[in-house]
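One-based numbering, in listed order, for ligands and for the atoms of each.
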Amino acid sequence: MNNDNRPLDVIILAAGQGTRMQSALPKVLHPVAGRPMVAWSVKVARELGARHVVVVTGHGAGQVEAALAGTGARFARQERQLGTGHAFLCGAAALPAGEDDADILVLYGDTPLLRLETLRELIAEHHRQASAFTILTGRVPDATGYGRIIRDADGNVMRIVEEKAATPEERAVREFNSGVYVMDGRAPSLAQRIGNENPAGEYYLTDLLALYRGEGARVRAYVIDEVDEVLGANDRLGLAQAEVSLRHRINTAHMRAGVTLHDPDTTRIEDTVTLGRDVTLEPGVILRGETRLADGVTVGAYSVLTDAVLETGVVVKAHSVVEGAHVGAGSDVGPFARLRPGTVLGTGVHIGNFVETKNARLSADVKAGHLAYLGDVEIGAETNVGAGTIVANFDGVNKHPTRIGAGVFIGSNATLIAPRVVGDAAFVAAGSAVHEDVPEGALAVARGKQRTLEGWSRRYWGGMRDKVREKLPWLAGWLERQRG
Ligand code: UD1
Ligand code: CA
């Protein structure tokens, strides 16, 4: 029997508070490897080709819904958390009426490790077995806290018994309910019959099993080996474990695809990052958000890149911080550089140590090798920005733009007071405070004229000869020689 063409709807239960997280943030919004946990569930649902994805929200509903905006998920509010059975009904009510032809997959919002392949297998098994209700289960030495799977002598799944209601023998059962199920289109109407006559007074979704059996329908369990996948992150320890597992998974995939990681354990690549071939990442590199590295990019140790786009062959040296910047092919950045949002570098640009850029467009082959601040500025090709150059873009209230042409030479320690225009091929003398525009091809010198006072040192130090003898022996000798 092949029902593989049946549509799939996914209901993600995510209304619970998650008190063990000890957090102001709703549990399912805690990020793991760059995505809120619940977004991992939505992502895997999408990858399964789900027709509708419904997220049941309650605690922090507004925040959760905002975080998932744009994912195509629809939302069902569960105002009071009356149990998983009630949450399921809320979710099912958000499915369009008259579309009960689908399989329904139930997921939680706190199981970011659940893999697409595992769910595909679960659904395939559901179809192979012509099952009406298939439970994803696993076996652990101690299943405390979970619902236990109770089978009869022939191995048929009879019941799920919750911890609170379990007898000592039932508690000894090692097969646990993951809370992930595939069910046929009858589930929403059957779930209407779930009651709350249990020690917790909650509506248990697990009661669906008995309701299906009451219909004479087939119930199956699909046992997975990798139980880690379904262990939810309930507290910060679980969160950290999930982070490590996902990091390992993401890094492994990148290495298989042709990325060199010098130290995978310390390299953190968020799930949203894209890497080309022959990218090399040194130890301690962190890549976040919509970062994209083209082929042959190298990122030096302990650099942090967020929403950064690096074209082919770019080299970022150690301890650089890049955010919201686009770096042209063949450019090199750092060590200790900071590219801030709105930075766009052309090809072959050189940014050296302790250079900060913000909202800066640097054309091809611009060089800013040392200690500069370049803010709200446009710089033409082949311009050389000397060490210590400051583009003073802020007047205390407003920011102003500066335009520097191509082939310009800015001497060291110049200050360009915005708004300013420096023409092509102009020179700015070192140490200038440039407060007037500089025309094309001109030299601007804007600094005090040098005075040179011969013999000044001898007079100065000579006036305190005793102190100099006591503290500065070399200078004392020099003073003696000057007398002779
Ligand atoms: C549930 C299962 C248990 C299983 C375990 C796996 C039931 C009755 N029991 O137990 O058999 O072993 O999951 O983790 O289903 N939620 C809502 N609204 C509610 C209640 C819960 O949205 O009113 C959501 C929670 O946010 C969470 C999920 O449902 O994501 C599971 O809720 P939780 O309270 O953790 O279920 P358990 O009692 O642990
Ligand atoms: Ca739980």
Side-chain angles (χ1 to χ4, degrees), residues 10-21 23 25-30 36-42 45 54-61 63-65 75-94 105-114 133 135-140 142-150 157 159-166 170-171 173-181 183 187 191 194-211 221 223-224 227-235 238-239 242:
V10 179
I11 297 178
I12 299 168
L13 309 187
Q17 184 168 23
T19 45
R20 277 176 289 167
M21 208 54 96
S23 178
L25 191 69
K27 168 175 158 174
V28 296
L29 287 189
H30 280 262
M37 285 201 279
V38 64
W40 283 96
S41 300
V42 173
V54 180
V55 181
V56 180
T57 60
H59 276 280
Q63 273 171 283
V64 175
E65 291 165 14
F75 303 103
R77 289 258 175 127
Q78 186 194 25
E79 299 300 343
R80 289 168 59 216
Q81 282 65 63
L82 303 176
T84 50
H86 179 255
F88 173 78
L89 278 176
C90 293
L105 172 69
V106 174
L107 302 175
Y108 292 168
D110 66 351
T111 55
L113 296 179
L114 198 46
F133 183 80
I135 309 156
L136 187 67
T137 72
R139 291 196 176 91
V140 285
D142 176 4
T144 300
Y146 288 93
R148 311 297 205 284
I149 304 297
I150 309 300
V157 176
R159 289 181 298 127
I160 301 171
V161 54
E162 291 304 300
E163 176 92 16
K164 282 185 186 139
E170 287 168 339
R171 282 187 194 173
V173 169
R174 294 164 45 178
E175 187 179 6
F176 71 96
N177 169 27
S178 71
V180 172
Y181 321 89
M183 26 185 106
I194 294 174
N196 65 348
E197 302 81 30
N198 54 57
E202 285 185 19
Y203 295 85
Y204 284 166
L205 183 54
T206 46
D207 288 355
L208 254 188
L209 192 158
L211 292 164
V223 189
I224 54 166
V227 293
D228 285 2
E229 279 187 42
V230 292
L231 301 181
N234 291 314
D235 56 17
L239 200 63

> Quick check: does any side chain N or O of R20 sit under 3.5 Å from a backbone N or O of D235, one acting as donor and the other as acceptor?
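No, the answer is negative, given that no donor and acceptor are paired below the 3.5 Å cut-off.
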
> Which bit of A15 is near ligand 1, meaning a heavy atom under 4.0 Å away: side chain, backbone, both or neither?
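Both of them.
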
> Nearest heavy atom to atom 2 (C) of ligand 1: which of Y108, Y204, F176 does it belong to?
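Nearest heavy atom to atom 2 (C) of ligand 1 lies in Y108.
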
> Looking only at distances, can you tell me whether any N or O atom of V56, backbone or side chain, sits closer than 3.5 Å to an N or O atom of ligand 1?
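N/O-N/O distance below 3.5 Å does not exist for this pair.
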
> Can you see whether N177 engages Y181 through a side-chain donor-acceptor pair at a distance of less than 3.5 angstrom?
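Their side chains do contain a donor-acceptor pair, which is all the 3.5 Å distance test asks for.
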
> Can an N or O of L13 be found at a distance shorter than 3.5 Å from an N or O of ligand 1?
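Yes - when backbone and side-chain N and O of L13 are compared with those of ligand 1, one distance drops under 3.5 Å.
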
> With a 3.5 Å distance limit and no angle check, can you tell me whether Q78 reaches the backbone of G58 through a side-chain donor-acceptor pair?
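No, Q78 side chain to G58 backbone: no donor-acceptor pair under 3.5 Å.
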
> Between H86, E162, E202, K164, which one has a non-hydrogen atom sitting closest to atom 11 (O) of ligand 1?
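Going through H86, E162, E202, K164 one by one, E162 has the nearest heavy atom to atom 11 (O) of ligand 1.
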
> When you look at L25 and Q63, which way does the side-chain contact (heavy atoms from CB on, under 4.5 Å) test go after all the steps?
CA-CA 9 Å; L25 191 69; Q63 273 171 283; 3.8 Å; yes

> Hey, is K27 touching ligand 1 through its side chain, its backbone, both or neither, going by heavy atoms under 4.0 Å?
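For K27, no heavy atom sits under 4.0 Å from ligand 1.
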
> Check this for me - ligand 1, G179, N or O atoms closer than 3.5 angstrom, yes or no?
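So ligand 1 has no N or O lying under 3.5 Å from an N or O of G179.
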
> For atom 21 (C) of ligand 1, tell me which residue out of I160, T84, L136, I149 has the closest non-hydrogen atom.
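Of the listed residues, T84 has the closest heavy atom.
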
